Amino acid sequence: MIAARIATKDLHITFRNRRVMGVFAAVILVMLAAVLLAAERTATFDRERRSALATDREVWLAQGARNPHSAAHFSRYAFKPVPAFASFDPGTVDYAGLAVWMEAHKRHPATFRYAESAGTTSTFASLSPAWVLQALVPLLIALTLFPAFAGEREDGTLRQLLGAGAGIGAVFAGKLAAAGRLLLLALLPLLLLSVLAVVLTEAEIAPPDAPLRAVGMALVYGVYLLVFCLVALGISALCASRRSAAIVLFTFWFGFVVLVPRLAGDLALARTPQPNAAEVTASLSEIGRAYWNSESLRDAARQRALDEYGVETQEQLPVDYNAYELQASEEYADPLFAEVYSELAQVHRQQEQTLSALSIVSPTLAVSRLSAGLAGTDRLHHNDFTRQAELHRQRIIEQMNDDMMLNAGDAGYGYKSDATFWREIADFRGSLPPLSRFAGFYLWDLLALIVWLAAAFFFAKAAVSQAGRLETGR
Amino acid sequence: MIEARNLTKRFGDKMALSDVSFTVPACETLCFLGANGAGKTTTINLFLGFLTPTSGSAWVAGRDVASDAEAARGVTAYIPEQVALYPELTGFENLKFFASLGGRDIEEAELVAGLEAVGLESDSFHQPAASYSKGMRQKVGIAIALAKRARVLLLDEPMSGLDPKAASDFCELLRAMNARDVAILMATHDLFRAREVGHRLGILRAGELVEVVDAAAVTGRELESLYLAHMSNAIEAVTGEAA
């Protein structure tokens, strides 16, 4: 009861503080801009994806009569389904490629990164509701709560409060409740708008476990902002003046929200450097050529074909051997491609592990990783897309090789298929994996956030108790 | 209504209050006089539950403050040297908030009546407290006690810095509180105001309650002589020990 009255009083005072209200208005505007920009960006991605998919299909079907292997080099694109939650947290969407060219003999990396084409507007374009919640709202909390205890102490109202019958615990609970209500008032309409944007932007690519992901995000951000409220109240309780509380809180914000995540990224990269892109590309090309440069591999494939069809010579084969060999070369290269990509994934995994370990140092790091994971915009989800694209590539290349193998007769590379066959080559339809597949990767981040919550709570409790003791001369 | 039973408070080696006992019935005011460090504020803090006694006990309205601080604070009002109000809130809002901490939902009319009763100008009710003089803030402090229906009023140098008219008005308000069956314990340096408002006057010296006199039984000059005599004894005790 007393805590509720203190909360109401604190809210009244905050509403009359033009400085704080000005900052709130600014953050709300930024958040609104973030919601609208992110929704627009995701909608644009999806529009472009649909348009590119339609063009790709059109060009594919209109290629005319052509040898299936030639078509396999002409080939098609796998367009990444941008998750609906990308309009809330774009994660790696701007930096990871949006399409994979599914060519024969080659496993191309994802290309067409938004960041490459964003030019000078890239910084502005990265504005997202998740970034506002992760970086700006903690600053807003610091600016609102720095005088919570320090100001009451400076003005003498804390002693007056305690003398009027309020326990220090009730004062603490009241101030925490006021901060919570204020944040809810300011952010809830925008978060609802954000949810609306998610729903309206792209229902088609909403993950099947979207409600679970949404609840997860609400919980993660709730805990994260609670951590900052507790830390802000604790620091305010420890500081003798508003000024010192403001300085300490700003330093905390800059260190833990701005600096540590940035340093963590650099450290992860320094600890596990990214392989040289040119070397990886050369290695992939080498794999693609390896079969054709190896007489022993080609001889072995030929013998396998003869054994398989029970004939003595290549000429007796009931199928087109060129196509058989093309498929053999694919089957030789596919595991080797997988090995290269597995090594790349291992590098990514080590970088992620470093970041994950460092999330104990900064709650912002923990929440940014959890948020992108829940939104389906993290590197794990991206890697899953490239895995799906590769499986589709293998499927359609095999389909084209089979067409030539079974239907070429004596024509060999002179055999041509037409639109009737091209129509049988399916579009790539990626899907978002269920959250449960990646949950294990984020346990440490979740644990780090819980540790932060517990530490912040005990810190705030101890600091507030000490403030109470100092004020009453105990 | 206010009772100290062998109340003792020690801070490390320093004896702040030594075996002090007294009773203040409803309708009465006991003023504690004494030099800085004599134990006046320590006594008030013990009755507020801010401090825990080393031994003995402090009672308000039949409640042991140390063991039932919340209930004790519920019937106690406290007015410090500077009544601290939230500058962003009006006097009325401050009154409403502080009075509500006692657990009562108070009607607006009662709050307004409280502010009128303490003599605050009505046009200042809804002005921000930032614009209030010290006298106005002290009046709001009394209004809080009234609204809270406190049975015990603890005052720590409440008239320090008030102009004579404001101090006189304040004394009048304290007498009105007595008339409402409120027991008052006031710590002050001001012998004149103490004699004007107090029923009994206690002299504290180095944590000991060395004398309690009936205010009506002494003149101002006699009170001053008595006080100075106790203070010079204290000085002699200190210088004698040093010699």
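All values below come from the heavy atoms of this structure, side chains included, with hydrogens, waters and symmetry mates left out. Everything quoted here is computed from the prediction, not taken from an experiment.
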Colleague: Side chain, backbone, both or neither: which part of B:Leu101 has a heavy atom under 4.5 Å from chain A?
Modeller: both

Colleague: Counting only non-hydrogen atoms closer than 4.5 Å, does B:Leu154 touch chain A with its backbone (N, CA, C, O), its side chain (CB onward), both, or neither?
Modeller: neither

Colleague: So which heavy atom on B:Arg73 is nearest to which on A:Leu162, and how close?
Modeller: CD-O, 3.4 Å

Colleague: Would you find more than 12 non-hydrogen atoms of other residues, nucleotides or ligands less than 6.0 Å from B:Arg175 atom CZ?
Modeller: yes

Colleague: If every non-hydrogen atom of B:Thr90 is compared with every non-hydrogen atom of A:Arg16, which pair is closest and at what distance?
Modeller: N-NH1, 4.2 Å

Colleague: Looking only at atom types and distance, does a side-chain atom of A:Arg5 sit under 3.5 Å from a main-chain N or O of B:Ser100, one as donor and one as acceptor?
Modeller: yes

Colleague: If we ignore hydrogens and angles and just use 3.5 Å, is the side chain of A:Gln160 paired with the main-chain N or O of B:Ala84 as donor and acceptor?
Modeller: yes

Colleague: Is there a donor in the side chain of A:Glu152 and an acceptor in the side chain of B:Tyr86, or the other way round, less than 3.5 Å apart?
Modeller: yes

Colleague: Please check if the number of heavy atoms outside B:Glu121 that lie under 6.0 Å from its CD is greater than 12.
Modeller: no

Colleague: Can you establish whether the number of heavy atoms outside A:Phe458 located under 6.0 Å from its atom CZ is more than 12?
Modeller: no

Colleague: For A:Arg243, does the CZ atom have more than 12 heavy-atom neighbours from other residues, nucleotides or ligands under 6.0 Å away?
Modeller: no

Colleague: Just do the side-chain contact (heavy atoms from CB on, under 4.5 Å) check on A:Ile13 and B:Phe97 with the steps written out, would you?
Modeller: CA-CA 12 Å; A:Ile13 290 176; B:Phe97 168 65; over 6 Å; no

Colleague: A quick test of your reading: do over 12 heavy atoms of other residues, nucleotides or ligands sit less than 6.0 Å from NE2 of A:His12?
Modeller: no

Colleague: Checking heavy atoms, do the side chain of B:Lys96, its backbone, both or neither come under 4.5 Å from chain A?
Modeller: neither

Colleague: Which bit of A:Leu161 is near chain B, if near means a heavy-atom gap under 4.5 Å: side chain, backbone, both or neither?
Modeller: both

Colleague: Of all the heavy-atom pairs spanning B:Phe98 and A:Ala164, show the shortest one and how long it is.
Modeller: CD2-CB, 4.0 Å

Colleague: Quick one, B:Glu88 with A:Lys9, criterion salt bridge (charged side-chain N to carboxylate O under 4.0 Å, His left out). Give me CA distance, side-chain angles, the key distance, then yes/no.
Modeller: CA-CA 10 Å; B:Glu88 302 88 347; A:Lys9 178 267 298 175; over 6 Å; no

